[in-house]
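Atoms within a ligand are numbered from 1 in the order they appear, just like the ligands themselves. In this chain, numbering begins with 1 at the start of the sequence shown.
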Amino acid sequence: MLFRQLFDKTSSTYTYLLASRRGGEALIIDPVFEHTARYLKLLEELDLKLVKVVDTHVHADHVTAMGALRDATRCVTVMGEQSPAEVVSMRVSDNDPLTIEGIKLTALHTPGHTSESYSFLMDDRVFTGDTLLIRGTGRTDFQNGDPYDQYHSLFDRLLKLPDQTLVYPAHDYKGDTVSTIYEEKTFNPRLQVNSADAYAEIMNNLKLDNPAMMDVAIPENLKVGLKLDAQRRVPAVDVDELLKSWPSIDAQLVDIREEGERRRHGVIPGSLHAPYGHFDQYCGASGSLAGIAKSTRVLLYCAVGERSTLAVEIANELGLKNVAHIPGGFKAWQAAGGKVEKLN
Ligand SMILES: [Fe+2]
């Protein structure tokens with residue numbers, strides 16, 4: 001496995017790069033905007049294809065590189081379903097798997113630092129975001145933070161992991177790089193409490209200044225996605241237009257979400273499936289979409305319209321011209337009252 005822990009000095013943020021092999025797919029957790037070029041160079045050096053980028057929560061102390069990495073590599077942006085960020089390609093819920101080639105993470109909803117904070121568990125290690133830090137915990141005094149939620153996220157979730165589980169946090173201000181669940185249970189001063197009230201008492205009396213970047217970082221991080229305007233830079237058919245003639249539409253619908261998302265949320269009836277992760281294979285000369293596009297228009301959709309925008313661009317570059325997408329994706333379809341079919 002390839003594993004890199006990268007550091008941002010300004011905000012003391014750790015960014016993690018994961019891949020199962022050289023030449024394979026990669027995933028990045030909590031990237032910092034200023035280091036976008038460094039990440040891209042490292043990906044190139046290790047011959048990796050970035051396919052997913054994850055933020056554990058909406059950061060207040062740095063601007064995320066999720067948008068910049070998506071624009072550079074067309075990777076999928078991922079956050080928790082509770083995230084207030086406007087457009088994120090793919091949202092995960094508690095206990096959802098998050099996979100790339102050869103690597104599986106499990107999403108753990110661990111609110112407290114923010115209401116939408118997630119940790120990600122992978123075999124022998126857990127990426128704890130700002131929920132559990134080394135000999136510390138993330139502050140709970142803004143962004144819907146709540147010390148009681150955090151107490152439960154810590155004591156009922158993270159500290160229940162096996163003692164030897166490695167702890168990789170999103171920050172360290174002292175230069176520590178890794179810990180274990182056992183060490184934090186035993187030596188983390190904030191965790192030597194025997195009730196949620198006692199924990200809240202500590203957290204409510206920290207009297208911390210707001211992070212220097214907060215007024216810049218939070219608004220930037222909320223609007224990281226490709227909004228509807230940007231989604232219309234490629235040929236698009238709006239949900240309203242589609243519903244006017246539904247179900248007799250003059251196109252073949254193609255769902256490009258992952259199987260897990262389809263099973264959880266359902267699909268638009270009559271859709272074929274061509275997952276975004278291998279979308280180029282469907283567009284090549286012998287690909288199934290290339291054949292369909294010869295006789296009818298191909299209409300792509302994903303969860304919120306971000307991946308499908310990028311997919312139309314991929315299709316066009318591979319010579320497939322008869323392709324459009326649905327801005328706002330499945331979410332817009334559902335919001336407009338479009339019919340949804342559940343998969344068994
Ligand atoms: Fe944070």
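With 2.8 Å as the limit, D130 counts as an N, O or S neighbour of the Fe ion (ligand 1). The Fe ion (ligand 1) has no N, O or S atom of H59 closer than 2.8 Å. Here H57 meets the criterion, with an N, O or S atom under 2.8 Å of the Fe ion (ligand 1).
Here the side chains of R232 and D238 are in contact, with some heavy-atom distance below 4.5 Å.
For the residue pair S115/Q143, the side-chain donor-acceptor check at 3.5 Å is not satisfied.
Although no hydrogens or angles enter the test, the distance criterion places a donor-acceptor pair under 3.5 Å between the side chain of Q231 and the main chain of L226.
Look at D250 and R297 and you find no salt bridge, because none of the NZ, NE, NH1 or NH2 atoms lies under 4.0 Å from a carboxylate O.
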